[in-house]
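These notes concern the structure reproduced below.
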Amino acid sequence: LTLLAGVMLKRHVKVHWDETGDNFVQPPISPEHKLAIRMKMLQALTSDSRKLRTTAGMVISQIGRHDWPDQWPDLFDQLSAMIRSNSPGAVHGAMRTLSVLAEELSDQDLARIG
């Protein structure tokens, strides 16, 4: 059930997150809900379920494509902290997310990561 909710969230984010996007459909996700989704997805990266971590990573990557660096400037700092943690799940989740993000961001975007 949790995995299905993650897949549905990914679809919802795709069409309701970025009001300037080509695929945007009303209503937009409110700033408060966006913040909550970001935080919950970061928490899901530490899940014991590999499938849930992968789904959360895909959602974070989708959000990061729109929100980083302006609306989510500390995204990479948060992922780096997870990699340095002692939690194998968190390390895997963060690495998976970085892998997907690296495919989606341009070379110019990646050059801004400090």
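Here, residue 1 is the first one in the sequence, and each next residue gets the next number.
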Go through the structure and list residues passing ring-ring contact (aromatic ring centres under 6.0 Å, His included) with His12, not counting sequence neighbours. His16
With a 4.5 Å heavy-atom cut-off, do Gln62 and Trp17 have their side chains touching? no
Within-4.5 Å side-chain heavy-atom neighbours: Leu42 and Leu79: yes
How long is the gap from OG on Ser30 to CD on Glu32, to the nearest 0.5 Å? 4.5 Å
List for me each residue that meets side-chain contact (heavy atoms from CB on, under 4.5 Å) alongside Gln43, sequence neighbours excluded, and say none if there are none. Lys40
Working to the nearest 0.5 angstrom, can you tell me the gap between Phe76 CZ and Thr97 OG1? 10.0 Å
According to a hydrophobic-cluster definition based on side-chain heavy atoms being under 4.5 Å apart (Ile, Leu, Val, Met, Phe, Trp, Tyr only), do Leu52 and Val100 belong together? no
Is any side-chain heavy atom of Trp68 closer than 4.5 Å to a side-chain heavy atom of Leu101? no
Look at atom CE of Met58 and say whether more than 12 heavy atoms of other residues, nucleotides or ligands are closer to it than 6.0 Å. no
Rounded distance [0.5 Å steps], CD1 in Ile37 versus CG in Leu9: 5.0 Å
Answer yes if Val7 and Met41 sit in the same cluster of Ile, Leu, Val, Met, Phe, Trp and Tyr residues linked by side chain heavy atoms under 4.5 Å apart, and no otherwise. no
Count I, L, V, M, F, W, Y as connected when their side-chain heavy atoms are under 4.5 Å apart, and connections chain through other members. Are Met39 and Ile63 then in the same cluster? yes
Spacing of Thr54 atom OG1 and His92 atom NE2 [to the nearest 0.5 Å]: 5.0 Å
Side chain to side chain donor-acceptor pair (under 3.5 Å) involving Arg11 - partner list, sequence neighbours excluded: none
Can a donor-acceptor pair be found, under 3.5 Å and without considering hydrogens, that links the side chain of Ser99 to the backbone of Met95? no
Do you know which two heavy atoms are closest between Pro27 and Phe24, and how far apart they sit? C-CZ, 4.3 Å
Salt bridge or not for Asp67 and Lys34, using N-O below 4.0 Å? no
Distance-minimising heavy-atom pair for Arg53 and Gly89: CD-O, 3.1 Å
When you compare the side chain of Ile60 with that of Leu75, does any pair of heavy atoms fall below 4.5 Å? yes
At their closest point, which heavy atom of Val91 faces which heavy atom of Ser85, and how far apart are they? CG2-O, 3.9 Å
Check whether Leu45 and Val13 end up in the same hydrophobic cluster, where Ile, Leu, Val, Met, Phe, Trp and Tyr are linked by side-chain heavy atoms less than 4.5 Å apart. yes
